[in-house]
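Numbers restart at 1 for each chain; the letters A, B, ... are given by sequence-line order, proteins then strands.
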Amino acid sequence: MSNMKNSRVLLICVVLVGVVLLSGCTTTSSGKIKAGFIYVGPIGDYGWTNAHDEGRTIVEDKYDWLETVYIESVAEDTASVVAAADTLVEVEQCDVIFTTSFGFMDGTLAAAEKYPDVLFFHCSGFMRDVNVGNYFADFYQLYYLNGLMAGALSPSGELGYVGAFPIPEVIRHINAFTLGARAVNATATVDVRWIYSWYDPTLATNAADALVADGVDMLAFTEDSPAVIQAAEKYDDVYAFSHYSPMQYYGNDSTISGQLVHWDILYDEILSKVNDGTYNNTNLADVDYLWFLKEDAVELGGLFGVPINTIFEDDLKAVDVSGETAYALVMRRLDEMDGPTVTFDPFTGPIKAQNGTIMFADGVQATIPDLFAFMDWFVEGVIGSPS
Amino acid sequence: MVELLNPILWHSIVAAATFFVLPTLGEIYAERSGILNLGIEGMVIAGAAGSYAIAYQTQDILLGVLFGMFIGGLLATIHAILTITFNRNQVVSGIGLTILGTGLSGLLGDAVIGKALKGIDSTPIPILNDIPTIGEVFFDQNIFVYLSFILAPILWFILYKTRIGILIRSVGENPSASMNQGVNVRLIRYLCVIFGGMMAGLGGAYLSLGWLNFWTDGMTQGRGWIVIALVVVALWNPLGAFIGSYLFGMFDVLQFSFQHEAIPFIFPTGIPPSVLKMMPPVSTILFLAIWGIILSQQKVKSIVGAPSALAKPFED
């Protein structure tokens, strides 16, 4: 009796698996490219994952030859990434897979080894393989511009930063923000509080409140929700810079500017080259996109198309910075970094570390590895520990 | 040195703690009647999404709050049907409802991600608001916070000083005896569980409409679970709901004030954030451990301990 029961269960399982596999097969039609996305957060985070998903839907709508699927809230361990890749390759029959978190790096390489016919692109990492390329759009130029505005508009000169994790990416952004602020106000400081999470709205709120309690009047942050914007909105004279998504909607009176991303620009570039055969599963080892303002992968502002919240324009025009207004300075620097040839980089010496050590001598510009791999130190003016 | 008496800090702590007080008050009633509801997290998050969605669509905050309470109450009704009418395992049903509520929140909130709404402003209470520091900390808050101040003593009074309260506690202590006395055990348990769910929904509405003023997926980050521990810390007493909630809120906020503080010899360059981040759960565990030792004395337990019939299926 129990044997019969078991065999019946087995039969049902076999049928179910078969149905799943068959339904996977039927969705793929030849001549099309199917791209799978593995996300670290929910697409409804209104931050990092939300921005990637915006990019995905834009390119899918644009091209007839493209079909996309995604798996959200995947854990950052190798087994989880490979399991997600299993689904995308074996069930969904994807040709290309994008893994959109730094923590997916090991998992991506493992999955790429398991599926040598599939093209993998890993976002924000540095390890590559014949069928694993890299891509990233970085904000440090924007943080510098945000810093210029914060330094010009802060009466106290005390700025705050709610940081996710002390890793080179976040440290680089805090440093760029600080360099910007001190280019306008030489005594400005940036007080950093770590929340040790990419996404935790209530903790980000608490951290912002703690910063305001300590006298900070400008808030920048790395966290994937509008929590810090809303925290600033609660106080009369506290202002904030939006992060990743157009968050000015949440605090029109308190959002000065911010950082916006266009992942669609990168997805368009990569998928078009997959489609025309430029990229295949043997030649990705040298594919490493690191795009900035010049390539339109990122944009200054708290709303698309609005680099500076208009209600702060007059205030910025009233601040003089060695002969030009703060507004003109921000626009000039934006222009210099927007290309076609970039004539300014925020990380150009002299730059000192927190303890006064000169890290980059006068005129020396930081290299990509300096910024993206070795930046585990804070510049002068940051309050807090980079670990 | 951290300025511990900074009113902005304490204002923030009260705001953070209120998120725990409201659902804890509800769960105390559910557990007092003998039903453990582990679905609180699901009810809080579904309430947060539902209330924000309705408030945004109708531009009516009150309607949003009421809808949040309705969603919480609805989920709790499922728990009541499963555990009271059908005597199913309370732990399994509760965890199932947390999963259901989390999924439901994604559905309810999907349309309002990235949609801003003016939430509930703080309403300073005249005269009380003028008391130095205290006024700024406690009486310049929004209506949800005042509701927690008012509800806790009312719920305490009902539980300990009225006939209804005696009935609630008796069905949680000894349902068989209560039933022999002609008490409708199931009805009382149903009402308590549904009330608990509505309070969880209210806590969710406070999160999305009163405190943070937005909805994003998974925004509670599992904090609703803490309520289960806070009920124990409160010793199942509505006034005790403040103890654990404020302790938790305090650590949640103060960990950021202490990030630059150094402790000689142990942390000479400052207390690591990871250590500070452990403080809220560690303090709760410590509290639970101390309570556990105290409550292991049979005499103490009979006075302030858990309801005897808590989480036990009741067949009549």
Side-chain angles (χ1 to χ4, degrees), chain A residues 41-47 49-51 53-54 72-73 160 162-163 165-166 191-197 199-216 223-231 233-235 238 245-252 255 383-385 387, chain B residues 2-4 6-13 15-16 19 48-49 102 105-106 109-119 121-122 142 207-208 211-223 249 251-260 262 267 269-274 276-277 280:
Chain A
I43 59 167
D45 65 357
Y46 209 59
T49 297
N50 185 277
D53 203 57
E54 288 283 316
E72 58 185 332
S73 300
V162 176
F165 289 97
D191 190 336
V192 177
R193 308 291 159 100
W194 300 110
I195 62 168
Y196 272 72
S197 175
Y199 177 62
D200 198 332
T202 64
L203 270 196
T205 303
N206 296 335
D209 285 341
L211 282 165
V212 173
D214 282 354
V216 155
E223 192 266 344
D224 291 334
S225 83
V228 176
I229 299 280
Q230 286 291 24
E233 189 77 358
K234 274 187 307 198
Y235 301 102
V238 178
S245 291
M247 295 178 180
Q248 193 176 309
Y249 296 120
Y250 286 96
N252 200 43
T255 309
I383 301 168
S385 162
S387 64
Chain B
V2 177
E3 265 185 76
L4 279 179
N6 189 323
I8 295 175
L9 222 45
W10 287 92
H11 185 276
S12 175
I13 289 166
F19 172 59
T102 307
S105 73
D110 190 46
V112 288
I113 287 164
K115 300 286 192 312
L117 171 74
K118 185 107 188 67
D121 271 336
S122 53
N142 64 37
L207 178 69
S208 64
W211 183 25
L212 300 192
N213 286 340
F214 61 85
W215 162 256
T216 50
D217 234 11
M219 70 191 289
T220 59
Q221 289 287 294
R223 277 188 181 69
F251 280 117
D252 252 359
V253 175
L254 290 184
Q255 60 171 317
F256 297 109
S257 301
F258 279 94
Q259 271 192 12
H260 299 334
F267 301 119
T269 58
I271 309 170
S274 44
L276 289 164
K277 208 177 170 180

Decide whether H11(B) and D209(A) meet the rule of one side-chain donor and one side-chain acceptor closer than 3.5 Å. no

Counting only heavy atoms closer than 4.5 Å, note whether D200(A) contacts chain B via side chain, backbone, both or neither. both

For the pair K277(B) and D252(B), find out whether any cationic side-chain nitrogen is under 4.0 Å from an anionic carboxylate oxygen. no

Pick whichever of V253(B), L276(B), L212(B), L117(B) has the most heavy-atom pairs under 4.5 Å with chain A. L212(B)

Chain B heavy atoms under 4.5 Å from I195(A): which part of the residue, side chain, backbone, both or neither? both

Sort N252(A) into side chain, backbone, both or neither according to what part of it lies under 4.5 angstrom from a heavy atom of chain B. neither

Chain A heavy atoms under 4.5 Å from N6(B): which part of the residue, side chain, backbone, both or neither? side chain

Rounded to the nearest 0.5 Å, what's the gap from CZ on F165(A) to OG on S387(A)? Could you check? 14.0 Å

Is it the side chain or the backbone of K115(B) that comes within 4.5 Å of chain A heavy atoms, both, or neither? backbone

In this structure, CG of D224(A) is separated from CE of M219(B) (nearest 0.5 Å) by 13.5 Å

If we define contacts as heavy-atom pairs under 4.5 Å, which of T202(A), N50(A), D45(A) has the most with chain B? T202(A)

Taking side chain as everything from C-beta outward and backbone as N, CA, C, O, which of these in L207(B) sits under 4.5 Å from a heavy atom of chain A? Side chain, backbone, both or neither. side chain

Once the angle between the rings of W211(B) and F19(B) is folded into 0 to 90°, is it parallel (under 30°), tilted (30 to 60°) or perpendicular (over 60°)? tilted

Which atoms of Y235(A) approach chain B - backbone, side chain, both or neither, heavy atom under 4.5 Å: side chain

Part of V162(A) lying under 4.5 Å from any heavy atom of chain B: neither

For chain B, the option from I43(A), N206(A), V192(A) that forms the most heavy-atom pairs under 4.5 Å: N206(A)

How long is the straight-line distance from OG1 of T205(A) back to CD of E223(A), given to the nearest 0.5 Å? 7.5 Å

At what distance, to the nearest 0.5 angstrom, does CZ of F258(B) lie from CZ of F267(B)? 13.5 Å

Cut-off 3.5 Å, side chains only: do T255(A) and Y249(A) have a donor facing an acceptor? no

Residue L211(A) versus chain B: region with a heavy atom under 4.5 Å: neither

Would Q259(B) and S257(B) count as having a side-chain donor-acceptor pair, cut-off 3.5 Å? no

Under 4.5 Å heavy-atom distance to chain B, tell me which part of S245(A) shows up: side chain, backbone, both or neither. neither

Per-residue tally against chain B (heavy atom, under 4.5 Å) across P226(A), A227(A), A210(A) peaks at P226(A)

